[in-house]
Asks: 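Attaching a single structure in structure tokens format; questions to follow.
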Amino acid sequence: MVLITLVSSDEQNFPVERELLKQSGTIETLIVNMNLDDEDTDAAAMPIPLPNVKGDVLEKVIQWMEHHKGDPVKEGDNEDNNAEIVVPQWDDDFFKPAMYGSKHLELTVAASYLDIKNLLTLSCKAISNTFKGKTGPQIREEWGVPNEFTPEEEEAIRKENEWSE
Amino acid sequence: MKPEENVSKSPTTAEAANRKRKNNGNPEGSHARRRLFETACEYSNTPPEFDRFENLRISNDEDFLSQLEESFLLQIFKYLTRTDIHNVMAVCKRLHRASSDPSLDTIKWKGGVTIISRTEKGYGFEHHVKCESYPWKKETTHKYQYEILKIEGGGYEEKKEINGDLEHFPHMSVPNHKWQILENFYAALKNILRRHEATYIQINKIPCGSHLFSRLLSELKDHKIQLLECVDMECDPTSTEKLFFAQLVKKVKNVDMSRSIHATSIINERFLSEVGQSKLQNFSSNLGHQTFFKNRFRPSESLFPHIVHLNSLLAAGMIINVNSVLKLIMMRMDTASISHRHSYGRWYFTTDQELTGEIIAVQMKEREEEYEYSVNETPRNFNHHCIIGKLNGMEAKFLVREIKVDDWNEEEGGSDPILYSIDITFMNTLCYKEEEVPSISQLIEQ
């Protein structure tokens, strides 16, 4: 089993199975461009630095990739199916503990930076699920967002429609 | 996976180069590591959102959501419905701005009925919003109305109303003008359809050469249209509008032209071969009206693969050679048997000679192991033919009737001005499902 070492921004090393890294477009491109797959190249001697991902977030990303090992990697973006995407139970449980805090958002940002499309999709979908069926004030309360609107502005938003725009 | 303990930290460029030289004296390896590090750093610059996000995280440890970079907010919002996006607008100013982004305009208020009409003195449209959760809806529907009129002495006048009752509107008026539809009309329509889905569209009394269809094609590109109904549509057989109309039909599931008796020249072999293999499932034109027989066409068998996917096809002017009819019916049954979408459908077309039980029996000989044929004579001397798929559960019941055609001419071959209509009901007895397509008038009344 070939291992490649990822180095987080706080300089923690994570030896990861080569196969898992195919889920990350960013790392896969690095591996291919640097010929790390070549037999002549000593991949173990070339850790991949990820200066934008902290160790605790990278650990979560690797945990997610391990669970999704072998899943087909999403190609492009299918707008038609956005509403039909369902977050599987395992992923829901994985995201839930950190949902309303910074950790989940950091994971989402890391998924974008590492170009892990399936993780980004499910992570964003999980956040969007917290908005479903909720009013503006309810979302504000759940996510700890202060109300910046004056009563007049709130009324104007409520009345906005297509002829008035 | 836990971070590995006691492993060397990631090398800086200089450290990596020194270590590699010390180990094996191979400067190529250190060069590769330097490139790897530099490339990784380049990648780190690609999402500027991250750095900004990091800063934001430090500055405000509570409200992460509203300070998240807009590109991420848009990624999240694209999984919402229009109702949810409307609610998100009221959260804070940043989310209000992000949720107003044009990239989210593909997410629309569902279930809209759009009626476009030539009115007595101009053109207009109504858009009825049927969406249950529409926030401005006070009664069963919310209606936007628009009309543009030319006024005496030049110029024009625009009228806009919400849930109002515009004079001359909607479509009971008798227009006596054919002037071009003005840009203002399209701008107003675009404004409404930007975030409202035109699920059902009715087009009334639009004259040929109006360029409406070419404009609708672009305005409706991200709409999922269930039904397009054309009423009193006029069409010049040489008009390029026909091509745009075909393009529009390809985006639609159901097309009803039964109230457009003067536009039957649109329906020909080329049109059907173009629209047949698209989203279109049901196409109907008026049955039995003389105009439909007047604009008749005799397609070759090469058309058949293009139209067998249609659930329903009511095209009286399509005259099929009597020796090809059974082939077409069985092709339709073969296709339907492998697709649940085609569990029920009706076809109506014409044949040039009477399709008798004897002709059917001869033509079915080659496939008698797969299909079974029977015939019942009804009290009014009509024969009810029935073909049943022994293996796939498909059933086709059809009636053959004589039609007298007034304007038959010698060039068309044969001197007998008689055609025969074939009215077929297809059913998959294993997964029967009749899909009801509501009419526009039913939708408006609801």
Asks: Nearest 0.5 angstrom please: A:N129 CG to B:I76 CD1, how far?
Replies: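 The CD1 atom of B:I76 is 11.0 Å from CG of A:N129, to the nearest 0.5 Å.
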Asks: Tell me, do A:S128 and B:F77 make a side-chain contact under 4.5 Å, heavy atoms counted?
Replies: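 They are not in side-chain contact.
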Asks: Please round to the nearest 0.5 Å and tell me the distance separating atom CG of B:N87 and atom CZ of A:R140.
Replies: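 With rounding to 0.5 Å, CG (B:N87) is 11.0 Å from CZ (A:R140).
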Asks: With side chains defined as the heavy atoms from C-beta onward, is the minimum distance between B:T81 and A:K132 less than 4.5 Å?
Replies: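 Sidechains of A:K132 and B:T81: in contact.
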Asks: Could you report the tightest heavy-atom contact between B:C92 and A:P146, atom names first, then the distance?
Replies: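 Of all heavy-atom pairs spanning B:C92 and A:P146, the closest is CB-O, 4.4 Å.
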Asks: For B:D222, check side-chain hydrogen bond (donor to acceptor under 3.5 Å, both in side chains) against everything at least two apart and list the hits.
Replies: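 Scan of B:D222 (side-chain hydrogen bond (donor to acceptor under 3.5 Å, both in side chains), adjacent residues dropped) gives none.
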Asks: Quick check for you: to the nearest 0.5 Å, what is the distance between A:C124 atom SG and B:L74 atom CG?
Replies: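 Answer rounded to 0.5 Å: 10.0 Å.
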Asks: In Å and rounded to the nearest 0.5 Å, what is the OG to CZ distance from B:S99 to A:F131?
Replies: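 One finds 10.0 Å between OG of B:S99 and CZ of A:F131.
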Asks: In chain order, what residues pass the side-chain hydrogen bond (donor to acceptor under 3.5 Å, both in side chains) check against A:H104, with sequence neighbours excluded?
Replies: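 For A:H104, the residues satisfying side-chain hydrogen bond (donor to acceptor under 3.5 Å, both in side chains) (neighbours in sequence not counted) are A:S123.
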Asks: With a 4.5 Å heavy-atom cut-off (strictly below), which parts of residues 148-155 of chain A touch chain B? List them by number.
Replies: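 Residues in range: A:E148, A:F149, A:E153.
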Asks: Taking atom CG of B:L65 and atom CD1 of A:I127, what is their separation to the nearest 0.5 Å?
Replies: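 The CD1 atom of A:I127 is 7.5 Å from CG of B:L65, to the nearest 0.5 Å.
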Asks: Could I get the full list of side-chain hydrogen bond (donor to acceptor under 3.5 Å, both in side chains) partners for B:E157, not counting sequence neighbours?
Replies: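 Testing B:E157 for side-chain hydrogen bond (donor to acceptor under 3.5 Å, both in side chains), a comparison that skips the adjacent residues, returns none.
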Asks: Pick one of side chain, backbone, both or neither for A:K134, based on which atoms fall under 4.5 Å of a heavy atom in chain B.
Replies: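 The backbone, not the side chain.
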Asks: What's the spacing between B:K93 NZ and A:I157 CD1 if we round to 0.5 Å?
Replies: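 The distance works out to 9.0 Å.
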